[in-house]
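These notes are about the structure you will find just below.
Computed from a prediction, not measured in an experiment: that's the story for all the values here.
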Amino acid sequence: MSRRRMLLGGIALSSLAVLPGCATTMGGGASGGTSMDYSAVIRRLLDVSTRRAFTSLTAQDGFWNSAVARVDMPTLFGKSTGAFKGVLASKPFREQLQRQLNRFAEDGARRAAPVVAEAVRNISIPDAYAVLRSDEPTAATTLLRSAMGPALVNAMIPQLQDTMSAADNPIVGQALAALSGVNVADAAKALALEADNAIWYQVGAEESKIRQDPASTNDPLLIGALKLL
């Protein structure tokens with residue numbers, strides 16, 4: 001959880017320090033080599049980070065086994081009066097419910113992946129050099145999340161609603177029955193909000209790993225740029 005708190009601070013709360021006088025494209029060095037397009041570096045960094053994140057999260061039990069992206073129990077299941085009566089008062093039942101919701105989140109991530117990929121290709125990067133030079137190891141993830149806003153939540157809600165309805169899972173059914181006025185659509189929205197946070201935590205974790213070890217990508221552009229900076 002300490003790792004997750006660190007990523008939350010980095011992704012959701014950080015502001016990027018813009019370095020004055022730093023253009024997106026800068027000279028290659030004292031030898032007068034080819035200039036480097038830092039926007040291209042950011043897009044490559046985000047491309048690799050997001051692909052790694054979605055590969056991990058869409059694997060079997062990907063959310064559940066993640067150190068940073070395990071989906072918490074949506075607040076929906078604890079808001080209503082008397083919500084902790086009956087089955088929801090049972091800790092083992094709540095653990096089963098949480099695990100099932102994490103499995104449903106995998107379908108949400110599959111729907112979210114192409115939406116993120118499209119955003120990476122088209123993202124506007126006002127000061128790529130500042131993002132790369134930021135002390136925040138999830139600066140590029142923060143930039144992408146801010147640019148996308150609620151796009152992932154909106155993409156995942158219908159997919160999660162379809163998945164949950166088709167599954168007709170008895171655990172989820174019992175949980176919804178215990179909550180007055182709550183239906184599958186409500187649960188899908190609540191889960192999409194939790195999955196959205198989890199996805200960004202995982203992307204941020206992947207970005208941080210790449211910054212620490214660019215060679216692990218086997219990508220000459222990332223290795224050269226990140227080592228130089």
Greater than 12 external heavy atoms within 6.0 Å of Arg211's CZ: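 Enclosed.
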So for atom CG, which belongs to Asn122, do other residues, nucleotides or ligands contribute more than 12 heavy atoms lying within a distance under 6.0 Å?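 Atom CG in Asn122 is crowded, with more than 12 foreign heavy atoms closer than 6.0 Å.
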Indicate yes or no: at least one non-hydrogen side-chain atom of [X] is less than 4.5 angstrom from one of [Y].
X: Leu46; Y: Val116; result: no
X: Glu207; Y: Pro137; result: no
X: Val71; Y: Trp64; result: no
X: Tyr38; Y: Asp127; result: no

If the test is side-chain contact (heavy atoms from CB on, under 4.5 Å), which one of Leu226, Asp219, Leu45, Val48 qualifies with Pro214?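 Passing option: Leu226.
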Using the side-chain contact (heavy atoms from CB on, under 4.5 Å) rule, pick out the option among Val203, Leu144, Val120, Thr138 that qualifies with Ser49.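 When side-chain contact (heavy atoms from CB on, under 4.5 Å) is applied between Ser49 and each of Val203, Leu144, Val120, Thr138, only Val203 qualifies.
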Criterion side chain to side chain contact (heavy atoms under 4.5 Å, CB included) on Ile199 and Met156, from CA distance to verdict: CA-CA 12 Å; Ile199 288 169; Met156 287 191 289; 3.9 Å; yes
For a quick test of reading the model, state the closest non-hydrogen atom pair linking [X] to [Y] and the distance between them.
X: Leu176; Y: Ala187; result: CD2-CB, 3.9 Å
X: Ala53; Y: Glu206; result: N-CG, 3.8 Å
X: Asn169; Y: Val172; result: OD1-N, 3.2 Å
X: Ala128; Y: Ile42; result: CB-CG1, 3.8 Å
X: Leu88; Y: Ala178; result: CD1-CB, 3.9 Å
X: Leu97; Y: Ala175; result: CD2-CB, 3.7 Å

Under the side chain to side chain contact (heavy atoms under 4.5 Å, CB included) criterion, do Leu101 and Glu194 qualify, and how do the steps go? CA-CA 10 Å; Leu101 293 174; Glu194 293 292 336; over 6 Å; no
Sequence neighbours left out, what passes side chain to side chain contact (heavy atoms under 4.5 Å, CB included) with [X]? Give chain and number order.
X: Ile157; answer: Val153, Lys189, Ala192
X: Ser216; answer: Arg52, Asp213
X: Ala188; answer: Leu160, Gln161, Met164
X: Ala225; answer: Met36, Val41

Main-chain N/O of Arg70 paired with Asn102 side-chain donor or acceptor, under 3.5 Å: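 A pair under 3.5 Å: no.
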Any sub-3.5 Å donor-acceptor pair from Gln174's side-chain atoms to Val87's backbone N or O?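 Between the backbone of Val87 and the side chain of Gln174 there is no qualifying donor-acceptor contact (under 3.5 Å).
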Below 3.5 Å, can you tabulate the donor-acceptor pairs from side chains in residues 56-63 to any protein atom, sequence neighbours excluded?
unit_1, atom_1, unit_2, atom_2, d
Thr58, OG1, Phe54, O, 2.6
Asp61, OD1, Arg103, NE, 3.3

If you apply the rule side-chain hydrogen bond (donor to acceptor under 3.5 Å, both in side chains), what do you find for Gln96 with Gln100, and how did you get there? CA-CA 6 Å; Gln96 289 181 64; Gln100 184 59 56; over 6 Å; no
Are Leu132 and Ile223 in one and the same hydrophobic cluster, where Ile, Leu, Val, Met, Phe, Trp and Tyr link if side-chain heavy atoms are under 4.5 Å apart?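 Hydrophobic grouping puts Leu132 apart from Ile223.
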According to a 4.5 Å side-chain heavy-atom criterion applied to Ile, Leu, Val, Met, Phe, Trp and Tyr, with indirect links allowed, do Leu152 and Leu193 form part of one hydrophobic cluster?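 Per the 4.5 Å side-chain linkage, Leu152 and Leu193 are not co-clustered.
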With Glu118, which residues qualify under salt bridge (Lys or Arg N to Asp or Glu O under 4.0 Å), at least two apart?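 For Glu118 the salt bridge (Lys or Arg N to Asp or Glu O under 4.0 Å) partners, ignoring immediate neighbours, are Arg121.
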Gap separating the [atom1] atom of [X] from the [atom2] atom of [Y], nearest 0.5 angstrom:
X: Ile171; Y: Arg94; atom1: CD1; atom2: CZ; answer: 12.5 Å
X: Arg43; Y: Thr50; atom1: CZ; atom2: OG1; answer: 13.0 Å
X: Tyr129; Y: Ser39; atom1: OH; atom2: OG; answer: 13.5 Å

For Asn197 and Arg145, test the side chains for any donor-to-acceptor distance below 3.5 angstrom and give the result as yes or no.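 Per modelled atom types, Asn197 and Arg145 side chains form a pair under 3.5 Å.
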Where do Asp107 and Arg110 land on the salt bridge (Lys or Arg N to Asp or Glu O under 4.0 Å) test, with the steps shown first? CA-CA 5 Å; Asp107 258 10; Arg110 292 185 186 95; 2.8 Å; yes
Given Glu136 and Thr142, is the side-chain hydrogen bond (donor to acceptor under 3.5 Å, both in side chains) satisfied, shown in steps? CA-CA 9 Å; Glu136 175 51 58; Thr142 300; 5.9 Å; no
Taking the basic N atoms (NZ, or NE/NH1/NH2) and the acidic carboxylate oxygens, is any pair closer than 4.0 Å for Glu95 and Arg99?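 Not counted as a salt bridge, because no side-chain N and carboxylate O are separated by less than 4.0 Å.
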